[in-house]
Amino acid sequence: MAPSFNRLSALAALSVLVAVGYNGAAWAQANTTKCSGSLNATQIVDCLKTSQPVTRGLRVSNAPAAPPEASAGANLKVEFGFNSVSLTPQATAALDNLGHALVDPSLKDASFQIAGHTDAVGSDDANLALSTRRAAAVKNYIVAKYGIDQSRLKTIGYGKTQLLDPANPNSGVNRRVQVTIAAE
């Protein structure tokens, strides 16, 4: 009996991972560098267009998985006041780029997830609440300034559960807003 297409696909994917010396952490680092930090609207559009919807998936490998936030979308540096949801001038500049990206014709029919993340300073509960409020602040800004239909924007806070740089949990790179195409 011939192996099924799915089994062959999984074996092919596994052999590719082995052949290229897959390293989950190195892949995550390389993949997020171009879609992280201070991005202009064109870069955000490119990152969102090439991302896949955030879904659950099956992984056929013993190699460490890339963090979910590293595999899709754009990780934007959005600065807030300390322990606050107040947007700084740098944050509004970053969000203006996001707003221009979300009204791009190539993304007009897409829905997005806006996820707030914190560093590891503070309690789990405080970071979860703060990240949730920050994601909502981003959504409110985008809706008010760019007229995006709020039903296209879903928010979630992850607190410190999905660090972009787990080796440096208190690093500022972990304090970010991630924007991804939302699964329908």
Where Gly159 and Ser131 come nearest, the two heavy atoms and their spacing:
N-OG, 2.7 Å
Transitive ILVMFWY side-chain link Val173 to Val179, under 4.5 Å
no
Shared ILVMFWY cluster between Leu153 and Leu48, side chains joined below 4.5 angstrom?
yes
Salt bridge between Lys160 and Asp119, side-chain N to carboxylate O under 4.0 Å?
no
Side-chain heavy atoms nearer than 4.5 Å, only ILVMFWY residues, links allowed to pass through others: does that put Ile44 and Tyr146 together?
yes
Given the rule that I, L, V, M, F, W and Y join up when any side-chain heavy atoms are under 4.5 Å apart, are Leu95 and Phe112 in one cluster?
yes
Is it the case that Ser151 and Asp149 place a side-chain donor and acceptor less than 3.5 Å from each other?
yes
We want to know whether Asn127 and Tyr158 form a side-chain donor-acceptor pair, criterion being a heavy-atom distance below 3.5 angstrom.
no
With the side chain counted from C-beta on, respond yes when Asp96 and Tyr141 share a heavy-atom pair under 4.5 Å apart, and no when they do not.
yes
Can you check whether Ser106 reaches Lys49 side chain to side chain, under 4.5 Å on heavy atoms?
yes
Can you name the closest pair of heavy atoms from Leu39 and Leu76 and give their distance?
CD1-CD2, 3.7 Å
Are Leu128 and Val177 connected in a single hydrophobic cluster, I mean Ile/Leu/Val/Met/Phe/Trp/Tyr linked by side-chain heavy atoms less than 4.5 Å apart?
no
Criterion side-chain contact (heavy atoms from CB on, under 4.5 Å) against Thr155, the qualifying member of Lys139, Arg134, Gln113, Gln150
Lys139
